[in-house]
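Chain naming here is simple, since letters A, B, ... match the order of the sequence lines and numbering starts at 1 in each.
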Amino acid sequence: MKEYIAHIRKILGKKTGIKDLQLEVPRELSHGDLALPCYQLSKEKKAPPGKIAEELAKEIQPDEYIESANALGPYLNFFLKKDRLLKELFSASKKKSLLEPQSQGTVMVEYSSPNLNKPMHIGHIRNNLLGYSISLILESLGSKVIRANLYNDRGMGVSEAIYSYLYLSEKKEPEGKPDHFVGDLYVLFRKKQKENPELEEKAREILKRYEQGDKEVLEAWKKLTQWVMQGYEETYKRLGSKFDKVYWESGIFQEGKKIVEEGLKKGILAKKDGAVIAPLESHGLPDKVLIKSDGTSLYITQDLALAKKKFEDYPLDKSIYVVGSEQELHFAQLFKICELLGIAKAEKMHHLSYGLVLLPEGRMKSREGKVVDADEFLDKITQLASEELSSRGIDNKALAEKIALSAVKFYMLMFEPRKDFVYSPEQSLSFEGESGVYVQYTHARIQSVLEKSGISPGTLRPAFSQLNTEEKRLASLCAAFQKTVEAAAERHKPSLIATYLIRLCQEYNSYYHTHPILTAEKAQKENRLALSYIVKEAIKEGLRMLDIEALNRI
RNA sequence: GGGCUCGUGGCCUAGUCUGGAUAGGGCGACAGGCUUCUAACCUGUAGGUCGGGGGUUCGAAUCCCCUCGGGCCCGCCA
């Protein structure tokens with residue numbers, strides 16, 4: 001596609017004397033593959049845009065890349081040679097990937113990063129899916145990606161669960177999924193704390209004892225965090241989340257204090273009311289406390305150490321943090337402090353911020369246990385998929401799970417990351433319309449036709465001649481795949497891939513209903529099978545970047 | 001008090017960065033389509049002027065200002 005754009009620009013440069021004219025991709029496929037809006041030219045040439053478009057259209061001759069160019073209102077629309085385009089796509093689709101990689105250096109994507117004091121809820125699911133998807137997208141365009149997870153295994157949340165375990169509960173061993181056991185302890189603490197506010201102070205003591213190396217606390221700490229991680233392992237496995245590198249807050253918070261002390265010595269940081277702060281007001285941000293007046297560290301203390309460690313551990317060109325939008329200020333401050341302390345330039349760090357998953361009655365509240373639990377949620381969707389399958393006379397538990405995960409992943413990724421969305425249990429997720437299942441259905445349907453043809457794609461030699469309008473439209477859409485993925489990577493938006501897939505499937509399904517494939521005459525049949533194959537591969541690869549396994553049968 | 005963000009037909013949503021061709025979809029509603037490659041599909045109808053106002057521009061859902069409404073955040077939680 002890039003060479004097509006370059007080619008057209010070159011021709012237009014010669015005709016108009018202006019280099020690098022911006023070409024647009026028309027939203028409406030019937031308008032063409034590329035368009036030149038003539039408003040700018042209109043200004044420079046002092047002629048109406050419609051007239052300019054018309055005159056240019058006359059001058060442009062079909063060639064090896066261009067099928068035709070014509071004026072429509074103020075636009076000069078180009079139709080590319082679809083046979084050439086499709087041949088390129090077809091040969092690419094038979095290889096590893098439809099995508100042309102572009103080297104993008106080394107990127108770390110930190111995501112998930114849970115507190116080890118409770119099980120995950122659907123907000124965590126969104127985080128995990130977003131982080132993993134963006135890593136797949138960057139990777140597919142050639143970046144080396146390190147997926148990192150930070151286990152927050154200390155701090156108040158964990159301390160509260162420990163206190164609860166040691167002093168508020170009698171049950172000393174988990175029953176059922178162990179992360180839920182710990183989560184119950186945490187909620188128990190919050191409940192008691194409401195009646196008895198002094199407990200807050202007790203939890204603080206636990207944190208201090210932990211930092212001083214108190215044996216009883218350390219033992220409990222070890223047990224509880226192990227239990228939570230055991231539970232997470234199951235949930236991660238089910239979701240498909242993978243990590244190349246794991247960091248522990250407990251392993252780096254001391255280092256954080258050292259960094260703060262050094263900054264203090266250099267006069268970059270300051271003491272105030274017994275606490276250490278980073279003065280940021282001159283940078284347009286509120287000051288930030290880095291060490292509490294009681295000497296204990298904060299979330300940001302270890303975040304500084306971690307930020308530094310990441311750049312020491314890997315030659316990173318970019319360090320991405322997948323964290324909810326409520327922490328935007330926190331990360332703006334962190335990045336600025338890192339820059340001031342010489343850890344890394346702020347532009348090398350990026351906060352991939354995403355909106356909350358809300359309940360119909362409002363925000364989820366972990367502290368009160370008012371959350372939609374991740375495991376229960378997945379079970380419920382799987383149950384729905386299972387029922388849907390049985391209504392079709394199919395009893396296949398594994399397939400139900402795959403369909404459920406397709407639906408969940410697609411649903412969570414199809415919205416723009418920055419948007420909040422409401423999860424309502426009554427409405428649940430859809431298996432039809434704009435959904436992951438719709439895309440899966442289209443994929444399976446194509447696979448089925450290809451199988452029934454009895455011809456392996458490798459032996460097809462399509463000429464792609466005599467394509468009709470619908471086939472040309474599909475070709476244009478397939479050719480837009482590369483640009484879509486590039487945009488998704490640049491803007492950190494897997495949603496662009498999801499919406500592209502919906503559009504591609506709509507276009508294909510519509511085509512499918514009006515164009516018989518298996519009964520078509522030979523040349524046409526080859527064209528249609530090959531075109532279907534390209535679409536199928538684009539779907540497969542697109543789904544892959546959303547971490548959804550394309551199904552051959554559903 | 002300050003900062004950020006969202007507001008598109010009954011409901012959900014794309015497009016907003018980089019202003020342009022009649023604002024795309026989906027759900028729901030209504031009317032159709034399975035002796036034919038998977039009907040979890042397809043076709044058609046009704047329904048929006050993009051929260052409100054002003055400005056910039058040949059041109060604004062998109063940029064700027066004001067305003068209303070929702071959400072989030074503002075030194076010792078994470």
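Comparing the P positions of B:C76 and B:U16 gives an interatomic distance of 39 Å, to the nearest angstrom. Across B:U43 and B:U5, the matching C1' atoms stand 40 Å from one another, rounded to whole Å. Remark: the separation of the P atoms in B:G25 and B:G9 is 16 Å, to the nearest Å. Atom P of B:C65 sits at a distance of 15 Å from the matching atom of B:G2, rounded to the whole Å.
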Quiz item: With the sugar-phosphate defined as primed atoms, P, OP1 and OP2, and the base as all remaining atoms, what B/S/- string results for nucleotides 56-61 of chain B, 5' to 3', for protein heavy atoms under 4.0 Å?
Solution: --B---
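Taking a 6.0 Å sphere around NZ of A:K202, one finds it holds 12 or fewer heavy atoms contributed by other residues, nucleotides or ligands.
In this structure, A:R154 fails the cation-pi test against A:Y210, since its NZ or CZ atom is not both closer than 6.0 Å to the six-membered ring centre and inside 45 degrees of the ring normal. Both tests hold for A:K118 against A:Y186: distance to the six-membered ring centre under 6.0 Å, angle to the ring axis within 45°.
Residue A:R491 places a side-chain atom within donor-acceptor reach of the base of B:C17, judged by atom type and a 3.5 Å distance cut-off alone. Remark: the A:S325 side chain and the B:C72 base include no donor-acceptor N/O pair separated by less than 3.5 Å.
Here NE2 of A:H124 is found 4.5 Å from NE2 of A:H121. Values are rounded to the nearest 0.5 Å.
Applying the Watson-Crick and G-U wobble criteria (two distances, each under 3.5 Å), B:G48 pairs with nothing in any strand. The pairing partner recorded for B:G10 is B:C27, the criterion being a Watson-Crick or G-U wobble arrangement whose two distances lie under 3.5 angstrom. Pair assignment for B:C4: B:G71, on the basis of Watson-Crick or G-U wobble contacts that are both within less than 3.5 Å.
The side chain of A:K419 contributes an N or O atom lying less than 4.0 Å from OP1 or OP2 of B:A14. Under 4.0 angstrom from either OP1 or OP2 of B:C77 there lies at least one side-chain N or O belonging to A:R204. Regarding contacts with the backbone of B:A39, a side-chain N or O of A:R445 is found under 4.0 angstrom from either OP1 or OP2. Put simply, A:R418 has no side-chain N or O that comes within less than 4.0 Å of OP1 or OP2 on B:U13.
Among the protein residues, A:H443 comes within range of no part of the nucleic acid, since none of its heavy atoms lies under 4.0 Å from any strand. Residue-level contact check: A:L298 touches the backbone only, with heavy atoms under 4.0 Å from sugar-phosphate atoms and none from bases. Residue A:L389 is classed as a base contact, given a heavy-atom separation below 4.0 Å to a base. When heavy atoms are screened at a 4.0 angstrom cut-off, A:Q440 is found touching no nucleic acid atom at all. Among the heavy atoms of the strands lying under 4.0 Å from A:Y438 are primed sugar atoms or P, OP1, OP2 only; no base atom is included. Residue-level contact check: A:R503 touches neither bases nor backbone, having no heavy atom under 4.0 Å from any strand. A:A35 comes within 4.0 angstrom of a nucleotide base, judged by non-hydrogen atoms across all strands. Residue-level contact check: A:D294 touches neither bases nor backbone, having no heavy atom under 4.0 Å from any strand. Among the atoms of the strands shown, base atoms are found under 4.0 Å from some heavy atom of A:P26. A:K493 comes within contact range of the sugar-phosphate backbone alone, with a heavy-atom separation under 4.0 Å but no base atom that close. A:L329 comes within contact range of the sugar-phosphate backbone alone, with a heavy-atom separation under 4.0 Å but no base atom that close. Nucleic acid contact class of A:R553 (heavy atoms, under 4.0 Å, all strands): base. Looking at heavy-atom distances under 4.0 Å, A:I403 makes contact with a base. Among the heavy atoms of the strands, none lies under 4.0 Å from A:I300.
Remark on RNA chain B: of its neighbouring residues A:L399 and A:S30, the 5'-side contact belongs to A:S30, judged by nearest-heavy-atom nucleotide.
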Quiz item: For A:Y411 and A:F421, what are the C-alpha separation, side-chain angles and deciding distance, and is it a ring-ring contact (aromatic ring centres under 6.0 Å, His included)?
Solution: CA-CA 10 Å; A:Y411 183 77; A:F421 70 82; 5.6 Å; yes
Practice problem: Would you sort out whether A:K257 and A:E211 count as a salt bridge (Lys or Arg N to Asp or Glu O under 4.0 Å), showing the intermediate values? | Solution: CA-CA 12 Å; A:K257 287 186 179 175; A:E211 292 200 7; 3.2 Å; yes
Practice problem: In sequence, state the C-alpha distance, the side-chain angles, and the governing distance for A:R503 and A:E507, and then conclude on salt bridge (Lys or Arg N to Asp or Glu O under 4.0 Å). | Solution: CA-CA 6 Å; A:R503 189 158 179 228; A:E507 198 70 32; 5.6 Å; no
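In this structure, the side chains of A:S435 and A:M414 stay at 4.5 Å or more apart for every pair of heavy atoms. Looking at heavy atoms from C-beta onward, A:V158 lies out of side-chain contact with A:L224 at the 4.5 angstrom threshold.
Aromatic ring centroids of A:Y354 and A:Y111 lie 6.0 Å or more apart.
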Scan nucleotides 43-47 of chain B against the protein and return all N/O pairs shorter than 3.5 Å with their distances rounded to 0.1 Å.
| from | atom 1 | to | atom 2 | distance (Å) |
| --- | --- | --- | --- | --- |
| B:U43 | OP1 | A:S510 | OG | 3.2 |

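Ring-plane geometry between A:Y75 and A:Y39 is classed as perpendicular, the angle between the planes exceeding 60 degrees on a 0 to 90 degree scale with a lower cut at 30.
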